[in-house]
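Here's the structure, in structure tokens; my notes come after.
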Amino acid sequence: MIQRWVVPLLAVLVLALVGAFGWGVVLASDPTDAPSGPENAPPPASTAPAPGDGTSVPPPDPTATAADPGRKPTGPAVPVLYLGDSLAMENQDVLAERLAATGRAKLHAAPHSGTTLCDYLTARRGQSLVPARDKAATLVRTVRPRVVILQFWGNAWGYTPCMAGATYGSAGYYERYAADARALTGEIAAAARDAGLTRPKIVWVSQAPDAFHPDRVRRINALYAARAAADGDLYADAGRTLGPAGDRYRWTRQLPCDAHERAHPAYCTHPAPGGGTTDLHRTDDALHFCLAPTTTTPRPCPVRSPGIDRFARAVTATVDGWLRGATG
């Protein structure tokens with residue numbers, strides 16, 4: 001991934017495991033162990049789905065407006081906490097706008113590029129890309145959220161030091177993600193309990209297709225869905241809106257414009273009679289959805305980007321759907 005966060009890692013520079021790449025790479029890019037690839041480069045063929053794949057339910061219709069004129073909110077907007085990596089960094093403003101439009105939620109975003117679940121754990125000692133003030137437990141106590149949204153692509157060792165020893169696709173990598181998802185859920189619940197709060201509803205956000213490792217993201221999503229099911233939390237399958245219909249894990253740079261994009265032509269980047277297509281990625285970045293060039297300084301995406309809007313619409317539909325039921 002192309003990282004959008006410059007983090008002081010002087011202590012990490014002395015680690016022997018930095019190897020040939022060095023932590024300077026981390027300061028310029030988010031994790032991926034493959035180049036971004038040329039436009040429309042064919043991704044590798046998928047192998048068999050991981051156990052648990054296909055058990056999640058589709059997300060609410062993201063083309064529908066989040067705010068229902070017939071169901072006006074009866075109380076103040078509740079705080080929603082958003083934690084994640086560079087995808088959350090670029091998504092945060094659009095998601096905040098979508099949630100605010102429902103009248104039920106106000107977003108507090110604390111993403112850090114290059115991070116993963118363990119970076120937000122208070123109990124995990126050692127180097128981390130997330131400062132103490134932005135750890136999940138700390139933010140639960142200060143923001144007092146009703147909902148916590150977790151958006152993590154699946155970064156590995158070599159890019160975030162808290163994943164030391166866990167490389168992409170290894171058994172240890174998936175074991176760490178499962179353990180860290182359980183630990184992070186526990187820290188969020190404990191922080192709420194200690195602060196006298198109702199436990200926040202956690203929303204695990206699924207990831208879009210991976211151009212280079214389709215089965216990796218398949219298995220990561222299965223872990224998130226299983227964690228949500230085990231704890232009575234929510235699984236927002238936002239990544240499904242960024243893959244072809246009927247071929248969930250096939251990566252593509254463009255997709256046919258959906259109903260919302262056809263109704264709002266500014267989001268249909270290549271309109272045509274009867275449909276058109278829209279750009280999800282730049283030609284030089286197979287992961288991020290911001291259509292502006294990446295920078296070494298982290299920032300929300302500064303330009304209209306259909307992929308980000310699709311993602312935000314799906315997450316908003318999940319959060320707002322639950323808040324409607326929770327608030328009556």
Side-chain angles (χ1 to χ4, degrees), residues 1-9 21-43 82-98 107 109-116 119 129-130 151-156 158-160 205 207-213 217 238-239 241-243 251-255 257-258 261 264-271 276-315:
M1 287 193 278
I2 304 301
Q3 180 167 319
R4 302 157 185 260
W5 195 256
V6 179
V7 182
L9 293 173
F21 297 103
W23 281 99
V25 173
V26 180
L27 300 180
S29 66
D30 271 346
T32 186
D33 53 356
S36 294
E39 177 178 1
N40 294 325
Y82 188 33
L83 307 179
D85 52 27
S86 61
L87 295 178
M89 176 65 72
E90 68 180 12
N91 293 344
Q92 59 183 307
D93 281 1
V94 176
L95 181 57
E97 291 170 1
R98 287 281 177 189
L107 192 69
H112 290 268
S113 293
T115 58
T116 194
D119 285 291
L129 303 184
V130 174
Q151 149 38 63
F152 293 96
W153 168 252
N155 295 334
Y159 298 92
T160 178
V205 180
Q207 305 308 297
D210 183 337
F212 305 101
H213 306 96
V217 80
T241 69
L242 298 158
W251 182 91
T252 182
R253 195 176 72 81
Q254 297 177 325
L255 282 176
C257 295
D258 66 20
E261 289 156 355
H264 301 82
Y267 288 95
C268 189
T269 53
H270 305 283
T277 59
T278 200
D279 292 329
L280 302 180
H281 303 277
R282 290 171 54 84
T283 59
D284 58 354
D285 188 343
L287 174 60
H288 296 96
F289 298 99
C290 184
L291 298 184
T294 57
T295 68
T296 56
T297 302
R299 60 177 182 173
C301 185
V303 300
R304 182 182 292 109
S305 299
I308 288 176
D309 191 63
R310 286 184 177 213
F311 201 89
R313 280 188 274 136
V315 174

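Values below: all heavy atoms of this structure, side chains included; hydrogens, waters and symmetry mates excluded.
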Roughly how far, to the nearest 0.5 Å, is the [atom2] atom of [Y] from the [atom1] atom of [X]?
X	Y	atom1	atom2	result
T294	R299	OG1	CZ	8.5 Å
T278	Q254	OG1	CD	8.0 Å
T252	H281	OG1	NE2	8.0 Å
D285	R253	CG	CZ	11.0 Å

Heavy-atom pair of closest approach, residues [X] and [Y]:
X	Y	value
T115	L129	CG2-CB, 3.7 Å
G243	L255	O-CD1, 3.7 Å
L107	Q92	CD2-O, 3.7 Å
E261	P306	OE2-CB, 3.9 Å
H288	L87	CD2-CD2, 3.7 Å
S305	F289	CB-O, 3.3 Å

Qualifying residue for side chain to side chain contact (heavy atoms under 4.5 Å, CB included) with M89, from C290, S113, C301 | S113
Identified side chain to side chain contact (heavy atoms under 4.5 Å, CB included) counterpart of T160 within the set T116, D85, V130 = T116
Start with the C-alpha gap between V205 and F311, add the side-chain angles, then the distance that decides, and say whether side-chain contact (heavy atoms from CB on, under 4.5 Å) holds.
-> CA-CA 9 Å; V205 180; F311 201 89; 3.2 Å; yes
Assess whether side-chain contact (heavy atoms from CB on, under 4.5 Å) is satisfied between Q151 and V315, documenting all intermediate values.
-> CA-CA 10 Å; Q151 149 38 63; V315 174; over 6 Å; no
Check salt bridge (Lys or Arg N to Asp or Glu O under 4.0 Å) between D119 and all other residues, then give those that pass, not counting sequence neighbours.
-> none
Is there a donor-acceptor pair closer than 3.5 Å between any side-chain N or O of T269 and the backbone N or O of D279?
-> yes
Got a donor-acceptor contact below 3.5 angstrom from the E97 side chain to the V94 backbone?
-> no
Does D309 pair with R98 as a salt bridge, N-O distance under 4.0 Å?
-> yes
